[in-house]
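Note that ligands are numbered from 1 as they come in the structure, with each ligand's atoms numbered from 1 the same way. Values reported hereafter were calculated over all heavy atoms of this structure, with side chains retained and with hydrogens, waters and symmetry mates removed.
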Amino acid sequence: MENIFCIKDKVILITGGYGVLGKSISKYLANQGAIVIILGRNKSKGEALVKEINDSGDKAYFLESDVMNEKKLIQNREQIVKEHGKIDVLINAAGGNMPGATISPENNIFDLQLKDFKSVVDLNLFGTALPTSVFLEAMLESGGGNIINFSSMSALRPLTRVVGYGAAKAAVLNYTKYMAGELAIKFGEKFRINALAPGFFLTEQNRSLLTSTDGSYTDRGKTIIAHTPFKRFGKPEELHGAVHYLASDASKFVTGTVLVVDGGFDSFSI
Ligand SMILES: NC(=O)c1ccc[n+]([C@@H]2O[C@H](COP(=O)([O-])OP(=O)(O)OC[C@H]3O[C@@H](n4cnc5c(N)ncnc54)[C@H](O)[C@@H]3O)[C@@H](O)[C@H]2O)c1
């Protein structure tokens, strides 16, 4: 019987591919037989990850890129098509937050730095929409394509503090749903786009916000755990199954969906 989860030899691009979640996903997908192309701004980080993946016998490549730079993305597209012939999957994992786009408990909305708010929307929304448009052109050439975006729990359940990030990730969700219809109607069912909404995963960006130096939870960390039925944060490897499903033909009738991976946070009240 056909293995509907097979992703062997699929050409999978991942922006932010050496970030905390991206790195774990890149290694996993390469280990499943995909040809993983990691796009990022830092050559040494990207090449170190590629070496680690290649040393374990799997296939990965690094290309210097910037999700905000159209010219660079077009160069990336041309190089990938020349070397690999096609792009099967694009994972838009680049994203993040900035302190000025947040409001701490002792501050209020007037302390918000609108410039930083805009930068966070630029990175998360346009840093998703721009690579999508650029790489979609190659997908159209080869007759199919599959896009996986990174939204967040902050899009579904507005969280205190992270006003800019929450708004940006909510926009990523709406964009994903809009694009699902747009792609299928204009180009057919071989073009899919979905989003992941991870809950709380401990990463370098949020570690000091969620844990103290001795490893215990901060007040915010405790509040999150109290609202998570699984009573813990996620581990990066717990996103592998969701990404694999969306990247494979197992989800071939699925588009415009938001796959929540959160230990129950979204469905739980009291
Ligand atoms: N960690 C969590 O709990 C969590 C929860 C929900 C969603 N997310 C989302 O998951 C994705 C991965 O997050 P992470 O936790 O691994 O964070 P991370 O900071 O480790 O990774 C993000 C990566 O994006 C890269 N990046 C930033 N700007 C870029 C640009 N202009 N061009 C190219 N790359 C750029 C960074 O260099 C970094 O490698 C992000 O979109 C994040 O918002 C994370």
> What do the steps show when you test F62 against Y18 for side chain to side chain contact (heavy atoms under 4.5 Å, CB included), and what is the final call?
Replying inline: CA-CA 10 Å; F62 172 73; Y18 51 72; 3.9 Å; yes

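- Within the structure, ligand 1 lacks T15 among the residues with a heavy atom less than 4.0 angstrom away.
- Using a 4.0 Å cut-off between heavy atoms, L123 contacts ligand 1 through its side chain alone, with no backbone atom that close.
- Polar contact check, K169 against ligand 1: a nitrogen or oxygen pair lies under 3.5 Å apart.
- Not a single ring-ring contact (aromatic ring centres under 6.0 Å, His included) links Y175 to another residue, sequence neighbours left out.
- Of the possible donor and acceptor atoms, one in the side chain of N42 sits under 3.5 Å from a partner among the backbone N and O of K45.
- Atoms of ligand 1 lying under 4.0 Å from any heavy atom of M68, numbered from 1 in the order shown and given with element: 31 (N).
- Side-chain N/O atoms of S56 and N31 include no donor and acceptor closer than 3.5 Å.
- When only non-hydrogen protein atoms are considered, atom 31 (N) of ligand 1 lies nearest to D66 OD1, 2.8 Å.
- Here the protein heavy atom with the shortest distance to atom 40 (C) of ligand 1 is A93 O, 3.2 Å.
- For residues 110-120, the side chain to side chain donor-acceptor pair (under 3.5 Å) pairs, not counting sequence neighbours, are K118-D122.
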> Run the salt bridge (charged side-chain N to carboxylate O under 4.0 Å, His left out) check on E137 and R77 step by step: do they pass?
Replying inline: CA-CA 9 Å; E137 281 199 40; R77 181 186 70 206; 3.8 Å; yes

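- Looking only at heavy atoms of the protein, atom 4 (C) of ligand 1 is closest to L21 CD1, 4.0 Å.
- Atoms CG and CD, on D249 and E2 in that order, are 6.5 Å from each other to the nearest 0.5 Å.
- If you check the side chains of R192 and S251, you find a donor sitting under 3.5 Å from an acceptor.
- Checked by atom type, the side-chain pair T257/N194 shows no donor-acceptor distance below 3.5 Å.
- Those atoms of ligand 1 that come under 4.0 Å of a heavy atom in T203, given as number and element, are 1 (N), 15 (O).
- The aromatic rings of F268 and H227 sit perpendicular, their planes meeting at an angle over 60°, well past the 30° parallel limit.
- When each atom of ligand 1 is checked for a heavy atom of G19 under 4.0 Å away, the hits are 16 (O), 20 (O), 21 (O), 39 (O).
- Near N206, meaning under 4.0 Å from one of its heavy atoms, ligand 1 places the atoms 3 (O).
- When only non-hydrogen protein atoms are considered, atom 3 (O) of ligand 1 lies nearest to F201 N, 2.9 Å.
- Considering I37, N149, I147, N146 in turn, I147 is the only one that fulfils the side chain to side chain contact (heavy atoms under 4.5 Å, CB included) rule with L90.
- Short contacts between ligand 1 and Y18, defined as distances under 4.0 Å to a heavy atom of the residue, involve ligand atoms 39 (O).
- Between F233 and Y217, the ring-plane angle classifies as perpendicular under the 30° and 60° cut-offs.
- In this structure, K23 does not count as a contact residue of ligand 1, since none of its heavy atoms falls inside 4.0 Å of the ligand.
- Using cut-offs of 30° and 60° on the angle between ring planes, the pair F5 and H244 is perpendicular.
- Closest to atom 37 (O) of ligand 1 among all protein heavy atoms lies R41 NH2, 3.5 Å.
- Scanning the protein for heavy atoms near atom 17 (O) of ligand 1, the closest one is Q205 NE2, 4.2 Å.
- Residue-ligand proximity: S151 is placed with a non-hydrogen atom under 4.0 Å from ligand 1.
- Contact annotation: N42 has no heavy atom less than 4.0 Å from any atom of ligand 1.
- Atoms of ligand 1 lying under 4.0 Å from any heavy atom of P198, numbered from 1 in the order shown and given with element: 5 (C), 6 (C), 7 (C).
- Of all atoms in ligand 1, numbered sequentially from 1 with element shown, those under 4.0 Å from a heavy atom of G16 are 23 (C), 24 (O).
- Nearest residue to atom 43 (O) of ligand 1 from F126, F150, F233, Y165 is Y165 (criterion: closest heavy atom).
- Here the heavy atom of the protein found nearest to atom 24 (O) of ligand 1 is A94 CA, 3.4 Å.
- At the top of the distance list for atom 33 (C) of ligand 1, counting protein heavy atoms only, stands V67 N, 3.7 Å.
- At a 4.0 Å cut-off, not a single heavy atom of P236 sits close enough to ligand 1 to count as contact.
- With atom 22 (C) of ligand 1 as the reference point, the heavy atom nearest to it among G40, G96, G95, G22 is part of G95.
- Looking at T218, its side chain does come within 3.5 Å of a backbone N or O of L210 through a donor-acceptor pair.
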